Amino acid sequence: MIKFIFFTTIMVASFYFCNGQEDTIKTKKFNHYIGVQANELIKQILNKNNSVTNNPYLLTYSINLAKHGWGAQAGFGYNYFKTDDINSAATHTSKINDFFYRAGIGQKFQIGKYILPGYGLDFIGAYQVDKTVSLSVTDFNTSVDSSESTVTSKKTSLGGGIQLSLGFIVTRGFIIGTEATGYYSKIKEKENIIVKQSTTNSITEVTTTESTNTNTETGSSKFVLSVPVAIFMIVKF
């Protein structure tokens, strides 16, 4: 993660300085802002393990008119987790994929030399998949019983709301910022459970198998206010 942030910053900074002379000749029409959430980086630097942020957007981008500040903005984040339970008699493997995105319009305006507030309206969405596979085998001498269950949970959400941002201008091309959001979303969650049970007779070697397939679907809605705890390192060019 640290290498990715460093590489992105160097590439954008190189582009910025290579085009510095051209910008002085002609009037600049657009400002570009690329942000990377830096909470994990700051936590490692300060050796803190208790920092918490509920902002799921790792990367942000906006393009705004240099004169009026209006423009388009977007953000996305992705999480992947895999866990294996190797201590229990049964094998448990769980894989979680989470993808979050947003897109909208907004305005940024500078106050003085160092303050850059902004506001906007966003359309948001999320797609989350959690798949857990459990397998157990028991040998009773006369027969061998095996049980396999697969639980798949899929959650999709769509919604929208407001976004308020605040940036502190460190240099002409580097900003440290944060944001607060109020998003309303509707959520649909589907769960599928497949259970397969097999019994093999050790003498006759005959296997009998039974399986069940269960599906459930639920719907909900929520409105979440996120306080400005996420810190973004933003490159402007």
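All values reported here derive from a predicted model rather than from experimental measurement. For the numbers below, each heavy atom of this structure counts, side chains included, while hydrogens, waters and symmetry mates do not.
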Begin from the C-alpha positions of Ile187 and Lys155 and carry the test side-chain contact (heavy atoms from CB on, under 4.5 Å) through to its verdict.
-> CA-CA 7 Å; Ile187 305 165; Lys155 182 187 295 184; 3.5 Å; yes

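- Inspection of the Tyr33 and Asn64 side chains reveals no N or O donor paired with an N or O acceptor under 3.5 Å.
- Contact between Leu225 and Gly182 at its shortest, heavy atoms only, is CD2-CA, 3.7 Å.
- Between Ser198 and Thr209, the shortest heavy-atom distance links the atoms OG-OG1, 3.3 Å.
- When hydrophobic clusters are built by joining Ile, Leu, Val, Met, Phe, Trp and Tyr residues whose side-chain heavy atoms come closer than 4.5 Å, directly or via intermediates, Leu166 is grouped together with Ile231.
- Looking at Thr218, Thr216, Asp130 one by one, the single match for side-chain contact (heavy atoms from CB on, under 4.5 Å) with Glu191 turns out to be Thr216.
- The environment of Glu217 atom CD is dense: over 12 non-hydrogen atoms of other residues, nucleotides or ligands sit within 6.0 angstrom.
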Evaluate the criterion side-chain contact (heavy atoms from CB on, under 4.5 Å) for residue pair Ile169 and Lys113; output intermediate values, then yes/no.
-> CA-CA 7 Å; Ile169 302 173; Lys113 293 183 179 180; over 6 Å; no

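- Across Leu116 and Ile175, no two heavy atoms sit closer than the pair CD2-CD1, 3.7 Å.
- Minimum heavy-atom separation, Gln73 to Gly106: OE1-CA, 4.0 Å.
- A continuous path of hydrophobic side-chain contacts links Val170 to Ile115 [ILVMFWY only; heavy atoms under 4.5 Å].
- For the pair Phe30 and Leu65, the minimum side-chain heavy-atom distance is below 4.5 Å.
- No single ILVMFWY cluster, assembled from side-chain heavy atoms under 4.5 Å apart, contains both Val151 and Val133.
- Proximity of Gln128 to Phe100: side-chain heavy atoms (C-beta onward) are separated by under 4.5 Å at one or more points.
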Test log, rule side-chain contact (heavy atoms from CB on, under 4.5 Å), inputs Tyr119 and Phe109 | CA-CA 9 Å; Tyr119 59 92; Phe109 52 95; 3.7 Å; yes

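- Summarising the geometry of Ser147 relative to Gln197, their closest heavy-atom pair is OG-CG, 4.0 Å, with the distance given to 0.1 Å.
- With a 4.5 Å cut-off on side-chain heavy atoms, Glu189 and Ser220 do not count as touching.
- Cluster membership for Trp70 and Leu121, using ILVMFWY side-chain heavy atoms within less than 4.5 angstrom, is not shared.
- Asn97 pairs in a side chain to side chain donor-acceptor pair (under 3.5 Å) with only one of the listed residues (Tyr78, Tyr127, Tyr80), which is Tyr78.
- For Ser226 (side chain) and Ala180 (main-chain N/O), no donor-acceptor pair under 3.5 Å exists by modelled atom type.
- Each of Thr152, Thr214, Asn213, Thr150 was compared with Asn192 under the side chain to side chain donor-acceptor pair (under 3.5 Å) criterion, and only Asn213 meets it.
- For the pair Gly125 and Leu158, the tightest heavy-atom approach, listed with the atom from each and the gap, is CA-CD2, 4.2 Å.
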Might you work through the side-chain contact (heavy atoms from CB on, under 4.5 Å) test for Phe232 and Asn55, ending with a clear yes or no?
-> CA-CA 11 Å; Phe232 290 88; Asn55 191 317; 4.1 Å; yes

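- Considering only heavy atoms from C-beta on, Ile34 stays 4.5 Å or farther from Thr60 through its side chain.
- Not one N or O on the side chain of Asn79 forms a donor-acceptor pair closer than 3.5 Å with the backbone of Pro56.
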